[in-house]
Number of protein chains: 2
Amino acid sequence: MTYSIADLEQLSGIHSHTIRIWEQRYNALSPLRSQGNTRFYDDQQLRKLLNIVSLNKSGLKISKICSLSDSEIDELLDQQFYYSSGDKDDDYYVGELIRYGLAFNEHAFNQLIDESIDQFGLADCYRKIIYPLLLRLGLMWRKDDICPAHEHFLSNIIRQKIFTHINYLSLHGHSGQKWLLFLPEDEDHDIGLLFASYMLRMQHHHVIFLGSKVPLDSIKRIFSTLNVDHVMLFMIKSRLAPAAQHYIDRLSEICSTAKIHLAGNSEVIGKLNHIDHINWIKTLDEFEKTIASPLNT
Amino acid sequence: MTYSIADLEQLSGIHSHTIRIWEQRYNALSPLRSQGNTRFYDDQQLRKLLNIVSLNKSGLKISKICSLSDSEIDELLDQQFYYSSGDKDDDYYVGELIRYGLAFNEHAFNQLIDESIDQFGLADCYRKIIYPLLLRLGLMWRKDDICPAHEHFLSNIIRQKIFTHINYLSLHGHSGQKWLLFLPEDEDHDIGLLFASYMLRMQHHHVIFLGSKVPLDSIKRIFSTLNVDHVMLFMIKSRLAPAAQHYIDRLSEICSTAKIHLAGNSEVIGKLNHIDHINWIKTLDEFEKTIASPLNT
DNA sequence: TGTTTTGTTTAAATATATCTAATAAAAACT
DNA sequence: AGTTTTTATTAGATATATTTAAACAAAACA
């Protein structure tokens, strides 16, 4: 799998011009070249760019970042994420689960996660274990400690768990409000959305779950027939500000009769304009409060 | 969402040259044009192309197809798929489920599908109802009778059901052989693969399920550590023959120590060369026979 | 405020993709 | 076998994306 500089622009939210000048000035990336001298990039390079962007957003200067060795960058990335969750037991669970995942040991993974779901309930298990696990997986991918196969293996087991618990809840009637859940066309990671679906159902809300990669045009076609009170979506990927803005503007127009709830990449969401009418969900706690006491649309 | 002619080539398996000449000679498609006169296409046009290709593969001449009206094409498409399954009850189930899906009525859908799973078991329910339902959904999308939101809604409930039943099975120990299941990077539809995972687990096989969009590079990196006996994947999308061949050749090289099982689009698979070592699974029955009596690798 | 660092804009050149049109080759039909 | 239909190949022209390089603007910093 290789990427053009335009692909990198989309995936990182950094203009191609800037990517080039970082290369020229700081040797940030070392792209491969086609016969005709056009740059192209592999996963290794994509990861490096995402790491640079991430450290840059956390305050480091580009020149500084690019002067560091790979191992120094690794350390800084660790510092960004590996603050202890405060609870040693939780950290232990996460570590063990990842160990099992890397060994593709489904049986052991299942036992441990089932045990912790039994103990804490799915909601707290997600907060304490699954969510930190997913964060760490993302970081490990960026550090090249795991490959996509590991991530797919683990996320499908987690998907299985949440789906199973949602299935138990389908006995619940819904007395609450009507929520429409989906991800934009170019987003893949639906586990957070799936968990939101679970939480809403726990509170007896009525959920229409569409999952990932739903074209906005399709939402437009069906929206008026749905009579939903709330729309919830995640924007997780890095994006160029104008693209994100355009998407949210269109969404707002299409879903003007519902309250929109937006979660995800705060770097992207933070740069949006005209979102006073949108509920930006920054933490899981905020989300729980939102759904506990029904909002007025 | 719009597509370039190169996108259409990938999605339909028809060379861009041919797409252009079909337009010139038969007015097959009516692309939009950029300022600079470059063609681009919308979902409507993509569907039309896929319909034309499908009818063409079933034996009709291009010139004939393009002389037909939209409604005549619809009829022919129906004939291609709507042969009765032989059982009126099953057809009724499928129809009702789709009705509920179009209304986003999860409760009714759940009741009916749970009832039929209780009655037939998941395996027979898949064969009689879920699989025909998915086929019909695909056809309805191509006829523009449903939009992606409907398809996402329905397929996520079905995913929920299969995941739940797989979760029950995780108590099973595995005494059988070790299977690795995944889809190529550009494939989305994982329900068939998920069902295969269920069937294998029912037979006490050991399954490593990776799901959709796994890069082959990643398979390469982990394959040697896995010691799997079997690799199973689907190729569902239309592809250009050389691209499909290249993928299978690489896969064969990477997974040379395992038996490869391939299912999906017979138009694509049928054109492959050098696949004597690959088990082409053409029907569900064939698959069941394959996994009932362990193969020698 | 002045300096450094960083990101954006411009320009002209080149690479890549697409366009039209004509011809050749292959496949299907009679 | 000959005709029709369809697909593949070629060529030159144009559109779009990428390249380098320089100048400019904005932001960060001291």
Side-chain angles (χ1 to χ4, degrees), chain A residues 2-42 45-46 49 52-68 238-243 267 270-271, chain B residues 2-41 45-46 49 52-68 238-243 245 267 270-271:
Chain A
T2 61
Y3 309 91
S4 71
I5 198 164
D7 292 334
L8 250 64
E9 186 175 77
Q10 289 305 313
L11 293 167
S12 68
I14 303 297
H15 284 119
S16 55
H17 289 123
T18 309
I19 295 171
R20 279 194 214 94
I21 206 104
W22 284 358
E23 178 191 332
Q24 192 187 68
R25 292 214 268 248
Y26 319 110
N27 272 299
L29 299 182
S30 318
L32 303 160
R33 299 278 185 158
S34 76
Q35 269 201 319
N37 201 36
T38 300
R39 275 169 256 250
F40 65 98
Y41 303 85
D42 59 14
Q45 295 286 308
L46 168 59
L49 177 59
I52 290 170
V53 172
S54 163
L55 291 177
N56 182 235
K57 295 238 160 106
S58 79
L60 287 173
K61 292 200 293 187
I62 294 294
S63 53
K64 172 72 180 173
I65 299 167
C66 297
S67 73
L68 299 172
S238 296
R239 290 154 197 277
L240 293 173
E267 290 298 333
K271 280 187 196 140
Chain B
T2 60
Y3 309 92
S4 70
I5 199 164
D7 293 333
L8 251 64
E9 185 176 78
Q10 289 306 313
L11 293 167
S12 68
I14 304 297
H15 282 119
S16 55
H17 292 125
T18 309
I19 294 172
R20 277 195 215 96
I21 207 114
W22 285 358
E23 177 192 331
Q24 192 188 71
R25 289 213 273 253
Y26 320 110
N27 272 299
L29 299 183
S30 318
L32 302 160
R33 298 278 184 156
S34 75
Q35 269 201 320
N37 200 34
T38 299
R39 277 169 254 249
F40 66 97
Y41 303 84
Q45 295 286 308
L46 168 59
L49 177 59
I52 290 170
V53 172
S54 164
L55 291 177
N56 181 235
K57 296 238 161 105
S58 80
L60 286 174
K61 291 200 294 189
I62 295 294
S63 52
K64 172 74 181 170
I65 297 167
C66 296
S67 72
L68 299 172
S238 295
R239 291 155 197 276
L240 292 173
Q245 185 71 54
E267 289 298 333
K271 281 186 196 141

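Only heavy atoms go into these numbers, but all of them, side chains included; no hydrogens, no water, no symmetry mates. Proteins get letters first, then strands, A, B, ... in listed order; numbering begins at 1 in each.
At whole-Å resolution of the value, CZ in A/Arg33 and P in C/dA15 are 12 Å apart. Rounded to whole Å, atom P of C/dA27 lies 20 Å from atom CG of B/Leu60. In this structure, A/Gln35 places its CD atom 14 Å from C1' of C/dT14, rounding to the nearest Å. Atom P of nucleotide C/dT6 and atom CD of A/Gln24 are separated by 14 Å, given to the nearest angstrom. Atom pair A/Lys57:NZ and D/dA28:P shows a separation of 14 Å (rounding to whole Å applied). Summarising the geometry, the separation between NZ on A/Lys271 and C1' on C/dG7 is reported as 12 Å, rounded to the nearest angstrom. Rounded to whole angstrom, the span from the CG atom of A/Asn56 across to the P atom of C/dT5 amounts to 15 Å.
Taking every side-chain heavy atom of B/Ile62 into account, D/dT6 is the closest of C/dG7, D/dT6, D/dT19. Each of C/dT6, D/dT5, C/dT18 was ranked by its minimum atom distance to the side chain of A/Lys61; first place goes to C/dT6.
For residues 57-67 of chain A, no pair satisfies side-chain hydrogen bond (donor to acceptor under 3.5 Å, both in side chains), with sequence neighbours left out.
Proximity of A/Leu49 to A/Tyr41: side-chain heavy atoms (C-beta onward) are nowhere separated by under 4.5 Å.
A/Tyr3 OH to A/Leu11 CG: the interatomic distance, rounded to the nearest 0.5 Å, is 6.5 Å.
Not counting sequence neighbours, the partners of A/Glu9 by the side-chain hydrogen bond (donor to acceptor under 3.5 Å, both in side chains) test are A/Ser16. Looking at residues two or more places apart in sequence or on another chain, you find a side-chain contact (heavy atoms from CB on, under 4.5 Å) between B/Thr2 and B/Phe40. The side-chain hydrogen bond (donor to acceptor under 3.5 Å, both in side chains) check on B/Ser4 picks up B/Asp7, with sequence neighbours excluded.
Of the residues in residues 4-23 of chain B, those with a non-hydrogen atom less than 4.0 angstrom from any atom of DNA chain D are B/His15, B/His17, B/Thr18, B/Trp22.
For B/Tyr26, a side-chain nitrogen or oxygen approaches OP1 or OP2 of D/dT6 to under 4.0 Å. Considering only side-chain N and O atoms, A/Ser34 lies under 4.0 angstrom from the phosphate OP1 or OP2 of C/dT16.
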Please table the atom pairs, donor to acceptor, closer than 3.5 Å between any side-chain atom in residues 26-33 of chain A and protein atoms at least two apart or in another chain.
unit_1	atom_1	unit_2	atom_2	d
A/Arg33	NH1	A/Asn37	O	3.0

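Remark on DNA chain D: of its neighbouring residues A/Arg25 and A/Asn37, the 5'-side contact belongs to A/Asn37, judged by nearest-heavy-atom nucleotide.
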